[in-house]
Undergrad: 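Take this structure first; my questions come after.
Everything quoted here is computed from the prediction, not taken from an experiment.
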Amino acid sequence: MTALKPIKEGKVREIYDNGDSLIMVATDRISCFDVILNNQVTKKGTVLTQMSKFWFDMTQDILPNHMVSVDVQDMPEFFRQEKFDGNSMLCRKLTMLPIECIVRGYITGSGWASYVKDGTVCGITLPEGLQESDKLPEPIYTPSTKAEIGDHDENISYEQSVDYLEKRFPGKGEEYASKLRDYTIALYKKCAEYALTRGIIIADTKFEFGLDKDGNIVLGDEMLTPDSSRFWPAEGYEPGHGQPSFDKQFARDWLKSNEGHDWTLPDEIVRKTIDKYLQGYELLTGEKL
């Protein structure tokens, strides 16, 4: 069995080249504030992969996605070992579009901070009198540029996204930008409505898209996981303050309130974090992992 090396390592993911396809492995690493922590969160990678699969299956009617299989039997022999089982996805190769497609259905996080300052989020003027965590009248699309590891993504306006894409894909800027916006909102609306029936509010999320070999736009990367989205329990939801969430907020909060942490979480916080991931997965899919 030949040991394979990833061609690309992200903060949490490893990508392997498989000829005409890719294998994406979601590791148990956890990153907060763009830093990879020293802890592993067991099963986290499996939650991310299986959750993406769940949503990819659900949204094929809106547009195709890059998933081929999550069964390691469909992958080269190297992946048929325990550490890859459940957290690996065989995917079509895409030319990724260099935009993070962010959609916000509720006002929170950096969006709330911006609104408090001047009534806008990413240059979009919102109604007066909103409270923190309020549902927005309509979801808003706030794209950003994709930064390399270590850099921060930069929010851009829809108009800037047209120019940004036009520079890289001459003659296609307007078409790609409008399709990314429309797909992003359509995906969010369908999935947020479904999630609400399962007791989960999807406050915001981001998608990434690429082009297949025929130039069609295809949904890539991960989809609606606790790493790329803010999930809140619908039970107990009330605007006016921050909401508890099914993601790494535990870890973020602990890091913020404990100086000199050296980017290492106590075991208890790691346990609480994975419990949240599992709880979110079970609520959404109705299945145990």
Undergrad: Sub-3.5 Å donor-acceptor pair from the side chain of Arg252 to the main-chain atoms of Cys32, do we have one?
TA: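 Absent.
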Undergrad: How would you list all residue pairs meeting salt bridge (Lys or Arg N to Asp or Glu O under 4.0 Å) that involve residues 56-74, not counting sequence neighbours?
TA: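 For residues 56-74: Lys53-Asp57, Asp61-Lys190.
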Undergrad: With a 3.5 Å distance limit and no angle check, can you tell me whether Lys83 reaches the backbone of Thr27 through a side-chain donor-acceptor pair?
TA: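 Checked: no pair found.
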Undergrad: Quick test of your reading of the model: are Lys288 and Glu282 salt-bridged, counting only N-O distances below 4.0 Å?
TA: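 Judged by the 4.0 Å cut-off on N to carboxylate O distance, Lys288 and Glu282 do form a salt bridge.
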Undergrad: With no hydrogens and no angle check, is any side-chain donor or acceptor of Gln131 less than 3.5 Å from a backbone partner on His241?
TA: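 Looks like no, no N/O pair under 3.5 Å.
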Undergrad: Using the ring-ring contact (aromatic ring centres under 6.0 Å, His included) rule, collect all pairs that involve residues 90-134, keeping only residues at least two apart or in two chains.
TA: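 Of all non-adjacent pairs touching residues 90-134, those that pass ring-ring contact (aromatic ring centres under 6.0 Å, His included) are Tyr106-Trp232, Tyr106-Tyr237, Trp112-Tyr115.
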Undergrad: Verify, without hydrogens or angle tests, whether Lys248 (side chain) and Ser31 (backbone) share a donor-acceptor contact under 3.5 angstrom.
TA: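 Yes, the answer is positive, given that a donor and an acceptor are paired below the 3.5 Å cut-off.
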Undergrad: Measure from the side-chain N and O atoms of Thr59 to the backbone N and O of Ile62, and report whether any donor-acceptor pair falls under 3.5 Å.
TA: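 The answer is no, because no donor-acceptor pair under 3.5 Å joins these two groups.
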Undergrad: Checking Asn216 side chain against Asp212 main chain: does a donor-acceptor pair fall under 3.5 Å?
TA: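 Here the side-chain-to-backbone pair does not exist.
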Undergrad: I'd like to know if the side chain of Tyr176 and the backbone of Ser161 have a donor-acceptor N/O pair within less than 3.5 Å.
TA: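 No; judged by distance alone, with no hydrogens or angles, the pair does not exist.
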Undergrad: Taking atom NZ of Lys43 as the centre, report whether more than 12 heavy atoms of other residues, nucleotides or ligands fall under 6.0 Å from it.
TA: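 Count not over threshold, so no.
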Undergrad: So, Thr225 and Asp227: side-chain donor and acceptor under 3.5 Å apart, yes or no?
TA: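 No, because no side-chain N or O of Thr225 sits under 3.5 Å from a partner of the opposite role on Asp227.
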Undergrad: What do you reckon, are the aromatic ring centroids of Tyr183 and Phe207 less than 6.0 Å apart?
TA: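 Not under 6.0 Å, so no.
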Undergrad: More than 12 heavy atoms of other residues, nucleotides or ligands under 6.0 Å from CD of Gln73: yes or no?
TA: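 More than 12 heavy atoms, drawn from other residues, nucleotides or ligands, come within 6.0 Å of this atom.
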Undergrad: Look at Glu193 together with Lys189 and state whether they make a salt bridge at an N to O cut-off of under 4.0 Å.
TA: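 Looking at Glu193 and Lys189, the cut-off is not met.
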Undergrad: Are Arg230 and Asp247 ion-paired here, with the side-chain N under 4.0 Å from a carboxylate O?
TA: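 Asp247 and Arg230: not salt-bridged.
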Undergrad: Does atom CD of Glu82 have more than 12 heavy-atom neighbours, drawn from other residues, nucleotides or ligands, at distances under 6.0 Å?
TA: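 It does not: Glu82 CD has 12 such atoms or fewer within range.
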Undergrad: Anything under 30° is parallel, anything over 60° is perpendicular, the rest tilted; go ahead and classify Tyr16 against Phe84.
TA: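 Geometry flag for Phe84 against Tyr16: perpendicular rings.
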Undergrad: Show the numbers, then the answer: is there a side chain to side chain contact (heavy atoms under 4.5 Å, CB included) between Arg198 and Thr285?
TA: CA-CA 8 Å; Arg198 309 289 308 176; Thr285 64; over 6 Å; no
